[in-house]
Amino acid sequence: MADENWNPKIIAIICNWCSYAGADLAGGARIQYPPDIRAIRVMCTGRVDPLFIMKAFQDGADGMLISGCHFGDCHYLEGNYKCAKRMFLVKNVLKNIGLNDKRLRMTFVSASEGAKWGMVMEDVVKTVKELGPSPLSEYQK
Amino acid sequence: MAEAKEQPRIGVFICHCGTNIAGSLSIEEVKEYAMTLPGVVAAEEYQYMCSTPGQSLIADAIAEHKLNGVVVAACSPRLHEPTFRTATQEGGLNKFRFEMANIRDQNSWVHMHDWEGATSKAKDQVRIAVAKARLLEDLEPKSVPVEHAALVLGAGVGGMQAALDLASAGIKTYLVDKDPTVGGRMSQLDKTFPTLDCSQCILTPKMVDVGRHPNIELRTFTEVENVEGYIGNFTITLRKKARGVLSPAEAEERGIVGGGCNGCGDCSEVCPVIKPNPFELGMAPRKAIYIYHPQVNPLLYTIDFDSCVKCGLCVTACGEEKKAIDLDMVDTFEQVKVGTCILAIGYDLIPIEEKTEWGYKRYDNVITGLEFERLICASGPTGGKLIRPSDGQIPKKIGFVLCAGSRDNTGGVAKPYCSRFCCMYSLKHAHQIMEKIPGAVPYIFYMDIRSFGKMYEEFYYRIQNEGAKFIRGRVANILEDPSSKNLTVFTEDTLLGRPLSLEMDMVVLAAAIQPKPEAERIRQMFGVSKSQDGWLLEAHPKLNPCGTTTAGIYLAGVCQGPKDIPDTVAQAEGAASAASIPIHTGEVQLEPYFAQCVDELCAGCGMCVNLCPYGALALVEKNGRTVMEVTEAKCKGCGTCGGFCPGGAIKMQHFTSPQICAQIDAFLLEGGEQ
Ligand SMILES: Cc1cc2nc3c(=O)[nH]c(=O)nc-3n(C[C@H](O)[C@H](O)[C@H](O)COP(=O)(O)OP(=O)(O)OC[C@H]3O[C@@H](n4cnc5c(N)ncnc54)[C@H](O)[C@@H]3O)c2cc1C
Ligand code: SF4
Ligand code: SF4
Ligand code: FES
């Protein structure tokens, strides 16, 4: 079990139109969640290059979240489908290099789902805390 | 690229946002920390960065410190990026040399009780933003011309008002409705609160105007099939459903001079097929060839091909001169080009029969408010005589169940929200029965009476004084006496604190409203989000209530959320004004987040070509090699191609791979570069 005081390093890449807006809405509604996640904004999850994910884990990330629009709602029609497809691939690669693929998560949070964003934040932090520090973070020391 | 790499000179500006940010994290620590970051040459804090002095502070610092990158740590870029980009530009920098760290909406507001956690997160956010700012490049927004035309979808009172405003502002406007006539729900109403104007009387002038206005292209019985393009240049495919009847203009196109439907109705007289009329909510019949009601516009008959038996009687009745009927008509398609669009597709009632406790559809004398409107309306199925469906008798004791399915958290078809106009129309109904039926007494079962509008509370007093009985309590259930068909209403009078049962001759349910089922398809085509409760989502509830997150698409009327006619019309006028601005400006600036092919890296594999949802990419021959080429006018900048290119040959402007990798490194390696 992980150390209670350990703060995992989790990075999120989120799309401008849905998840980023949902995260802002959570703010407006003052929904409280743990502060461990840092978000990078892209226009669409379609932008997420598998390289970014590999880079993050190589840099020692303990967890990573990709969050976009619900299927059918992507501002660019289908970027989220294409990203989701890539997720399967990347998760396989992670497993192959000995990382638990639960460290990588894709969620769909719309612009009106502030409360859901809060829940996703709680849940991602909880999952990563249970998994403990990434075995790759050792190499960063 | 040939020029020597400039040294980054970044300024970091941290906003207190009053106590919104400063109350939850240490601005001082973040500022001190920012100064230690590579490339940062200035760090400032201020109470309100977005204020005029705040913006000048940024502009002045750019000159003073010769900055080539600006980072503002404040609220969300979705709110203030345009503001700070302008300030950056005023300081003499290209406006894309700006990056924002969202330390309010995504930090101080969500970690209000974790000073340490929030402060350390804010430092990371600033570090990440600075990392990106170091790699920002000058970009030029792309100006595109705007089509001098608009489209309004839905021709209820909201859509009609929006179309009339746009058209009167000199803009060619396509007004599209799926129904055979314009008018929407309001044409089903009898009177309107609180003035008690006759609904049709105030609506028909607008219905006539939209048919007559030289700038309005009316498309009834028409649906949207496909939407392509972006603000300024939408191409919309319309499906004109086969109506089976030619308008005079269409007849002329076919060489039938002086022919086409003149609305005489001879066809309908002879048609043998009888079906319920949906306009009368099934309470009156119609033929397979029909009009909804006498005031329809356009006055054209329509064939319901689902029930038509193709006997041809109507063709004969219509005659050789008009030759208006074509039983083999098929759907046709039309493409229109418009600069902006307004969605005004209205609402439906919830299927209130699924709240079985009130017995709608099981008990003859339980009706909805909308059915009441048709029954009390002089042009309705009973000629304006309110009668009990069970026996045609005139009811004397009439119960009105308010919030029927609204403000109800029990799930199923019930809605947690207030449908906003039911209280008021039920008061109106109460008045109407007291006026029309001597001795009739309305019993209003309510939770609160929400009479929020201008002259609404006064209307409420008036109905109280006229003798309506008000019982505060939710109706638990209703039972029917099988022989008399009278109804016993069970409730609790919460003012007296005792259970109550009352026998009624008739019960009217003020059923909750919900988005149209097809709203889902419409919003996905137009790229509009939905609120938690399913209504179309505005760009900002307070500051941009008519806009959506898709530039060039606006909302009007109930499709955005429950509202009465005055609010619908007001919003429609707002939406029309907003939609006319880009058209009158004549051009819009698109953010230059385009894909670019780095020819030296491109292997010409063509993987990206099929990935682009807009067909913006193609393979071309350049200097004897096959490489990809981007058509900027088609690229919307999603980055789907850039996220895939195996050779990293696609550069996504403003979201380049080096920039994103630098952000990742900045967070995880704490500034130590790889
Ligand atoms: C019983 C009752 C009584 C009421 N009484 C009053 C009153 O007294 N005073 C008052 O202020 N308000 C009253 N209202 C509210 C009033 O009906 C609404 O405020 C008003 O109709 C909203 O207009 P709208 O244009 O937004 O929507 P609608 O009137 O619903 O019009 C929407 C239009 O869009 C069309 N459409 C829908 N989907 C599509 C599609 N996919 N493609 C093309 N077209 C489409 C529809 O055919 C329709 O013509 C009452 C409501 C009810 C239910
Ligand atoms: S052809 Fe169809 S619409 Fe015409 S009269 Fe016969 S059933 Fe009615
Ligand atoms: S970024 Fe690429 S995939 Fe997206 S629209 Fe532009 S060219 Fe197409
Ligand atoms: S825009 Fe949100 S996933 Fe594509």
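Not measured: the values here are computed from a predicted model. So you know, we letter chains A, B, ... as the sequences are listed, proteins then strands, and number each from 1.
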### Summary
Closest heavy-atom pair, B/Gln524 versus A/Phe71, reported as atoms and distance to 0.1 Å, is NE2-O, 4.3 Å

### Part of A/Val42 within contact of chain B (heavy atom distance under 4.5 Å)
both

### Task
Could you look at B/Leu537 and say if it's the side chain, the backbone, both or neither that has a heavy atom under 4.5 Å from chain A?
side chain

### Task
Quick one: closest heavy-atom pair of A/Ser112 and B/Gln532, and the distance?
O-OE1, 3.0 Å

### Proximity breakdown for B/Lys530 and chain A, heavy-atom pairs closer than 4.5 Å
backbone

### Task
Sequence neighbours left out, what passes side chain to side chain donor-acceptor pair (under 3.5 Å) with B/Arg104? Give chain and number order.
none

### Query
Atom CD1 in A/Ile37, atom CG in B/Asp124: separation rounded to 0.5 Å?
13.0 Å

### Query
Taking the side chain as C-beta and beyond, is there a heavy-atom pair between A/Gln58 and B/Leu668 under 4.5 Å?
no

### B/Asp533 versus chain A, the contacting section by heavy-atom distance below 4.5 Å
neither

### CZ on A/Phe52 to CD on B/Gln663, rounded to 0.5 Å
9.5 Å

### Message
Main chain of B/Leu611, side chain of A/Lys82: is a donor-acceptor contact present, judged purely on distance under 3.5 Å?
### Response
yes

### Other residues, nucleotides, ligands: >12 heavy atoms within 6.0 Å of B/Glu116 CD
no

### Task
Return yes when atom CD of B/Gln596 has more than 12 non-hydrogen atoms of other residues, nucleotides or ligands closer than 6.0 Å, and no otherwise.
yes

### Task
Of all the heavy-atom pairs spanning B/Pro613 and A/Leu77, show the shortest one and how long it is.
CB-CD1, 4.0 Å

## Note on the structure
Of all heavy-atom pairs linking A/Ile11 and B/Ile664, the shortest is CD1-CA, 3.9 Å

## Note on the structure
In this structure, CD of B/Glu99 is separated from CZ of A/Arg41 (nearest 0.5 Å) by 7.0 Å

### Task
Name the region of A/Pro34, side chain, backbone, both or neither, that has any atom closer than 4.5 Å to a heavy atom of chain B.
backbone

#### Entry: Straight-line distance of A/Arg47 CZ to B/Ile660 CD1, nearest 0.5 Å
4.5 Å

### Message
I need the residue from B/Val528, B/Val110, B/Asn107, B/Leu79 with the largest number of non-hydrogen atom pairs under 4.5 Å to chain A.
### Response
B/Val110

### Task
Write down the atom of A/Trp17, the atom of B/Thr549, and the distance for their closest heavy-atom approach.
CZ3-O, 3.0 Å

### Query
Counting heavy-atom pairs under 4.5 Å to chain A, which of B/Pro77, B/Cys75, B/Gly117, B/Ser531 comes out on top?
B/Pro77

#### Entry: Per-residue contact mode, A/Arg86 against chain B (heavy atom under 4.5 angstrom)
side chain

#### Entry: Distance-minimising heavy-atom pair for A/Pro50 and B/Gly643
CD-O, 3.4 Å

### Summary
So, the part of A/Lys9 with a heavy atom under 4.5 Å from chain B: the answer is both

### Query
Can you tell me if CE on A/Met54 sees more than 12 non-hydrogen neighbours from other groups inside 6.0 Å?
yes

### Query
Taking atom NZ of B/Lys636 and atom CE of A/Met43, what is their separation to the nearest 0.5 Å?
11.5 Å

### Contacting region of B/His113 [heavy-atom separation from chain A under 4.5 Å]
both

### Query
Among residues 19-33 of chain A, which ones touch chain B with a heavy-atom distance under 4.5 Å?
A/Tyr20, A/Ala21, A/Ala23, A/Asp24, A/Ala26, A/Gly27, A/Gly28, A/Arg30, A/Ile31, A/Gln32, A/Tyr33

### Summary
Applying a strict 4.5 Å limit to non-hydrogen atoms, the region of A/Leu89 in contact with chain B is neither

### Message
Let me confirm one number: the OH-SG distance from A/Tyr76 to B/Cys612, rounded to the nearest 0.5 Å.
### Response
11.5 Å

### Message
Using heavy-atom distances under 4.5 Å, tell me whether B/Ser108 contacts chain A through its side chain, its backbone, both, or neither.
### Response
neither

